[in-house]
Amino acid sequence: MKKLFANPILKRHPAQPRRERLSMPSALPPLIARRLNALSARALHIAWTGGLLSIVIALCAFVLMQGAADWLFDLPLRVRVLFLLADLGLLAFLIFHFGIHPWLRRLSPDEAALRAERQWPELRTGLISSVQLARSADGSPCIINALLEKMAARLSGLDLRPAVPSRWLRKLVLSALVLVVVAGGAIAWFAPKSLILLRRMVLINEPLPTETIVIAVTKDIAIPAGQTIELSALASGHLPRSGRVEVNYEGKRPEMVSVSPKASSPEVFALQISNVQQPLTYRFYLNDGRGEEWKVTLLHPPVMEEIVFEGTSPPYTELPPTRLTPGSLNLLAGSKITVSGKSSQPLASANLVLTGLEKTIAMKPGGTDRREFRAEVDVPKENLTGLFVELKNDDDIASQDNTVYGIEVIRDRPPEILFAEGQTDNINLVPGQKPRLRFEVRDDFKVKEVFLCVQATNTLGEGEEPNPEKAKQIPITMPKPAAGLSFDYEWADPEKAVDWAEGVTFAWWIKAVDNNDVTGPGVTYSAPRQWSVVSLQTKRAELAEQLRKHAESIKDLSGAQEDVRKELGELLKQEKNENEKR
């Protein structure tokens, strides 16, 4: 090939020192100048003709060799791209070698004169001397003119153009004719298949022109590991009864798997592969048709590398934020829980799913690599049972088997009211007597307010029960709010709040309110008790009855002691008699 594309015109003597002087000397006779210009032009034309023939030969060789290779091996697109780049590179070399380079190094007058002298030795050095003398001002003008006229006379009947040989073009012409005939005949004989091969050479992506053309339905696939996939291809033209799929797992020998057309679509051939755990490539073979090779790539879902829970109690608790362990997310209603963490891959999205509430909170991926996420959730009074984080990477692959973190929502308990011992539920008071209460109020956090609720029973309608919410509420002075408070309270002026008169009965309660200003407040009422305003005589009779009962209890106690004493004496006597008998 190197010898075929060689350009003998470029073989010359070493470049002359005055190589840059390409124009003819002005003193040179016109006849000599014309002869030398014709010689230089012939050299350039022959070089260009050789270049054109070389390009034709190269194009025909490309068509024949690459078309045959594509037909036999179904060259993939990347290989055809490499071939096309190599073709363009070779064409560029031929254009430069036979076109641009000869133009840049076209024969100067001196070189043309030397070429003529090598072809006609009888010229000796007269022609080159004439060119050089015509350029130089040295010497006798008369002698120089005589020499130039003499050389012009010798060249009058001599054509210098044969000094540039053209015999080397014969091999190129013959080779070009043979290849044009062979390539043209092959294209015409195998048309229209050959036309498809030509279009594939210029990277038009068409299937090979076989009886059965395989058209890919599934192409390159990216799936999570363990998923079941269905590979399918469409047969166009002759529909075979069966086909084959070449499945190639990494590091293993290719497997040929038989496939049949679908019952609902006879032109569609499909292969199902379950639980894919390795990357693979596949290619369909249907009759004489071959499909392209496609890849199945495994995509790994994002994995949560770190998750942190931080609980912030409501302000009324005055508790600091606390880092929580994932196994014990116990949160007071009204708290806030902050969920933050990091994924193993850059994230396209992240969602916090609240179970029980069936609510999803979108989290914007953060950090320089988009692997971090963060969200803050208000803990409601009820229904929230847990949460989990769902991650999705840039390939739209979601995280698998997301861990659900259980949440126990703790309700803030209302205050607790405890009365001191010795206070009866029903008390009779005379009009001038002041009610006195001794009790204690406790809360998880702080007791904010305490009230005495009083309601006269004579104001109730028929069948109506006393109701602390409708009762008169008297604030009880209390110290600074605290988790536990003790009270020894005397109602100093009941007559100012209610009709505190003889014969009136009052139902009363203690009301306690805590400081829960988020999900509360928590309110507690004590069990109902009763005050009856009675006359002095009735109170005296009550006290006398109490004294009588106390006296009777004392008498009963004294009699019981006497009975015990007598029984003890009998026991001692019996023991003494038994000892004497022994």
Side-chain angles (χ1 to χ4, degrees), residues 60-84 87 182-223 227-298:
C60 292
F62 297 159
V63 169
L64 292 173
M65 291 188 296
Q66 295 178 22
D70 193 16
W71 173 259
L72 293 174
F73 303 108
D74 187 13
L75 301 178
L77 180 61
R78 59 179 179 273
V79 175
R80 285 183 275 134
V81 169
L82 294 177
F83 273 135
L84 182 60
D87 296 345
V182 173
I187 292 173
W189 181 264
F190 293 104
K193 297 179 180 180
S194 57
L195 301 179
I196 296 177
L197 293 174
L198 290 176
R199 289 196 291 270
R200 284 170 60 89
M201 287 180 60
V202 294
L203 306 184
I204 296 177
N205 204 18
E206 293 187 32
L208 283 176
T210 53
E211 290 184 3
T212 301
I213 296 177
V214 180
I215 303 173
V217 176
T218 58
K219 299 181 180 179
D220 288 338
I221 305 174
I223 60 168
Q227 185 171 314
T228 298
I229 59 172
E230 184 178 80
L231 310 176
S232 58
L234 181 69
S236 177
H238 176 73
L239 299 183
R241 295 182 178 180
S242 64
R244 297 171 299 154
V245 180
E246 181 184 15
V247 181
N248 190 1
Y249 292 95
E250 288 186 0
K252 296 183 179 180
R253 291 183 177 180
E255 301 177 12
M256 281 294 183
V257 183
S258 298
V259 289
S260 300
K262 289 187 174 182
S264 58
S265 302
E267 71 279 5
V268 177
F269 293 76
L271 171 66
Q272 190 175 79
I273 303 178
S274 60
N275 191 23
V276 179
Q277 297 292 343
Q278 289 181 277
L280 60 94
T281 60
Y282 69 95
R283 181 198 294 264
F284 275 84
Y285 292 86
L286 305 177
N287 192 26
D288 63 342
R290 293 169 292 182
E292 293 186 58
E293 185 178 80
W294 302 102
K295 295 180 180 179
V296 176
T297 306
L298 295 187

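Atoms considered below: every heavy atom in the structure, side chains included; atoms not considered: hydrogens, waters and symmetry mates. Just so we're clear, the structure is a prediction, and the values are computed from it rather than from any experiment. All residue numbers refer to positions in the sequence shown, counting from 1.
- Using modelled atom types, one finds no donor on one side chain facing an acceptor on the other under 3.5 Å when comparing Asn248 with Glu293.
- Side-chain contact between Leu198 and Val63: present, with at least one pair of heavy atoms (C-beta onward) separated by less than 4.5 Å.
- For the atom pair CH2 of Trp294 and NZ of Lys219, the computed distance is 5.0 Å after rounding to the nearest 0.5 Å.
- Here the closest heavy-atom approach between residue Leu64 and residue Ala186 is recorded as CD2-CB, 4.3 Å.
- Interatomic distance, Ile187 CD1 to Ser194 OG, rounded to the nearest 0.5 Å: 6.0 Å.
- A search for salt bridge (Lys or Arg N to Asp or Glu O under 4.0 Å) contacts involving Arg283 returns Asp74, not counting sequence neighbours.
- Residue pairs that meet the salt bridge (Lys or Arg N to Asp or Glu O under 4.0 Å) test with at least one member in residues 269-280, sequence neighbours left out, do not exist here.
- Listed here is the closest heavy atom pair of Thr212 and Ala235: CG2-CB, 4.0 Å.
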Kindly list each side-chain donor-acceptor pair under 3.5 angstrom involving residues 255-278, sequence neighbours excluded, with atom names and distances?
unit_1: Lys262; atom_1: NZ; unit_2: Glu230; atom_2: OE1; d: 3.3
unit_1: Asn275; atom_1: OD1; unit_2: Gln277; atom_2: NE2; d: 2.6
unit_1: Gln278; atom_1: OE1; unit_2: Lys252; atom_2: NZ; d: 3.4

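- A donor-acceptor contact shorter than 3.5 Å links the side chain of Asp70 to the backbone of Leu75.
- With contacts defined as side-chain heavy-atom distances shorter than 4.5 Å, the pair Leu195/Arg199 qualifies.
- Atom OG1 of Thr210 is separated from atom NZ of Lys193 by 7.5 Å, given to the nearest 0.5 angstrom.
- Counting all heavy atoms, side chain and backbone alike, Val214 lies closest to Phe284 at CG1-CB, 3.9 Å.
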**Item:** Arg80 and Arg200: CA distance, side-chain angles, deciding distance, side-chain contact (heavy atoms from CB on, under 4.5 Å) verdict
**Value:** CA-CA 8 Å; Arg80 285 183 275 134; Arg200 284 170 60 89; 3.7 Å; yes

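- Here Asp87 contributes atom CG and Met65 contributes atom CE; the two are 8.5 Å apart, rounded to the nearest 0.5 Å.
- Taking CZ of Arg244 as the reference point, atom CG of Asn287 lies at 10.5 Å (rounded to 0.5 Å).
- The shortest side-chain heavy-atom distance between Ile229 and Leu231 falls under the 4.5 Å cut-off.
- Judged by a 6.0 Å distance limit and a 45° cone about the ring axis, Arg290 is not positioned over the six-membered ring of Tyr285.
- Salt-bridge check for Lys295 with Asp220: failed, with every basic side-chain N at 4.0 Å or more from each acidic carboxylate O.
- With rounding to the nearest 0.5 Å, the separation of CD1 in Ile213 from CD1 in Ile196 is 6.0 Å.
- No side-chain heavy atom of Thr297 sits under 4.5 Å from any side-chain heavy atom of Ile221.
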**Evaluation steps, side-chain hydrogen bond (donor to acceptor under 3.5 Å, both in side chains), between Tyr282 and Thr218** = CA-CA 10 Å; Tyr282 69 95; Thr218 58; 3.0 Å; yes

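- At a threshold of 4.5 Å between non-hydrogen side-chain atoms, the residues Tyr249 and Pro279 do not count as touching.
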